[in-house]
Amino acid sequence: MPEPRTYRDEPVSFVRRSGRMSEAQERAFEELAPRYLLDVPRDVAWTSVHPDARLDAAAEYGRTARLIVEVGSGQGHAIVHAASTRPDDDFLAVEVFRAGLARTMLDADRAGARNLRLVEANAPEVLSSYLPAGAASEVWIFFPDPWHKKRHAKRRLVRPGFPQTAARALAGGGMLRLATDWEDYALQMREVLDEAPEFERAFDGEWAERFQGRVMTAFERKGIAKGRDIRDLSYRRVS
């Protein structure tokens, strides 16, 4: 019999670091995780998703509504703001760092956001199998790790092959929204998505206008303070 797999087939776009959780973060997992954090069956790694697992959005959110997915939600500032100001839509935050998940749950609870769920998992596995095909109305990728060293470029999330993964999760006409403060990554994103038959540009000119649904975060301010230009891209899923 073949040996069971103990590794992923593709490099992931993150390095998972463990650190000591604060008392508030521990409390978030103990008290708020049952409400916000989805219980996902695993495959070969702690942040993996078993290929047979599927999200039942109607059961998890208690209704049928547009679903917006943020990949790499970080501390959750953008998605908590969106969820608390857009109660008619449902939101899913995809993140692997537990401190960020804890902060997101704490802020969501304070904001009274009941239309938000979180999943602790590798984003491509969420998009490629956990979400039912066409389940998402929008997918957001804001300031993903740029992996700016050349030898690490293969770890970038948006690389050849990713458009097909994102397209599977999006409904026809759904939007893929991206932003980065690294010029060479922005150029790579645009090149990869321009070549993808599953998508068409939803902007004119070189770059998209800043997505007004993206709240200004400390991370974005930090990039601006360092003199980096923020570049947005938006692509529409071809029906």
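Numbers for residues simply follow the sequence, beginning at 1.
Distance check, rounded to the nearest 0.5 Å: NE2 of His81 to NE2 of His77 gives 12.5 Å. In this structure, CD1 on Ile230 lies 4.5 Å from CZ on Phe143, to the nearest 0.5 angstrom. Residue Phe203 holds its CZ atom at 11.0 Å from CD of Glu209, rounded to the nearest 0.5 Å. Distance check: Glu206 CD to Leu187 CG gives 8.5 Å after rounding to the nearest 0.5 Å. Summarising the geometry, atom CG belonging to Leu157 is positioned 11.5 Å from atom OG1 belonging to Thr180; distances are rounded to the nearest 0.5 Å. Annotation: the span from Leu101 atom CG to Gln25 atom CD amounts to 10.0 Å, rounded to 0.5 Å.
Across Val119, Val69, Leu170, Val49, a single residue satisfies side-chain contact (heavy atoms from CB on, under 4.5 Å) together with Leu131, and that is Val69. Between Val71 and the choices Leu178, Leu127, Leu92, the side-chain contact (heavy atoms from CB on, under 4.5 Å) rule is met once, by Leu127.
Smallest separation of non-hydrogen atoms from Ala179 and Arg214: CB-NH1, 3.6 Å. Considering every non-hydrogen atom in both Val238 and Pro197, the closest pair reads CG2-O, 3.8 Å. Annotation for Ala28 and Met105: closest pair O-CE, 3.9 Å, computed over non-hydrogen atoms. Scanning both residues, Ala108 and Leu116, for their nearest heavy atoms gives CB-CD2, 3.8 Å. Across all their heavy atoms, Ala102 and Phe29 have their closest contact at CB-CE1, 3.8 Å. Smallest separation of non-hydrogen atoms from Gly173 and Arg236: O-CG, 3.6 Å.
Asn115 contributes a side-chain N or O that, together with a main-chain N or O of Arg86, makes up a donor-acceptor pair within less than 3.5 Å. In this structure, Arg66 contributes its side chain and Asp89 its backbone to no donor-acceptor pair below 3.5 Å. At least one donor-acceptor pair under 3.5 Å links the side chain of Glu95 to the backbone N or O of Ser73. Judged by distance alone, the side chain of Arg237 and the main-chain N or O of Gly172 form no donor-acceptor pair under 3.5 Å. With Ser137 contributing its side chain and Gly174 its backbone, the two residues share no donor-acceptor pair below 3.5 Å. Using a distance-only test at 3.5 Å, with no hydrogens or angles considered, no donor-acceptor pair links the side chain of Arg63 to the main chain of Glu60. For the pair Arg159 (side chain) and Lys154 (backbone), a donor-acceptor distance under 3.5 Å is present. Glu125 places no side-chain N or O within donor-acceptor distance of the main-chain N or O of Tyr130, the cut-off being under 3.5 Å.
Under the side-chain hydrogen bond (donor to acceptor under 3.5 Å, both in side chains) criterion, Arg231 pairs with no residue, sequence neighbours left out.
Inspection of the Tyr185 and Arg190 side chains reveals no N or O donor paired with an N or O acceptor under 3.5 Å.
Arg114 has its side chain within reach of Tyr36: a pair of non-hydrogen atoms, C-beta onward, lies under 4.5 Å apart. Side-chain contact check for Val96 versus Trp46: every heavy-atom pair is 4.5 Å or farther apart.
Using a cutoff of 4.0 Å between basic side-chain nitrogens and carboxylate oxygens, Asp181 and Lys222 are not scored as salt-bridged. Checked for salt-bridge contact, Arg210 and Glu220 meet the test: a charged N lies under 4.0 Å from a carboxylate O. No salt bridge links Arg177 with Asp232; every basic N to acidic carboxylate O contact stays at or beyond 4.0 Å.
Using the six-membered ring where Trp is involved, Phe211 and Trp140 have ring planes that are perpendicular, over 60° apart on the 30 and 60° scheme.
Figure legend: cation-pi geometry between Arg117 and Tyr61, with NZ or CZ positioned under 6.0 Å from the six-membered ring centre and within 45° of its axis.
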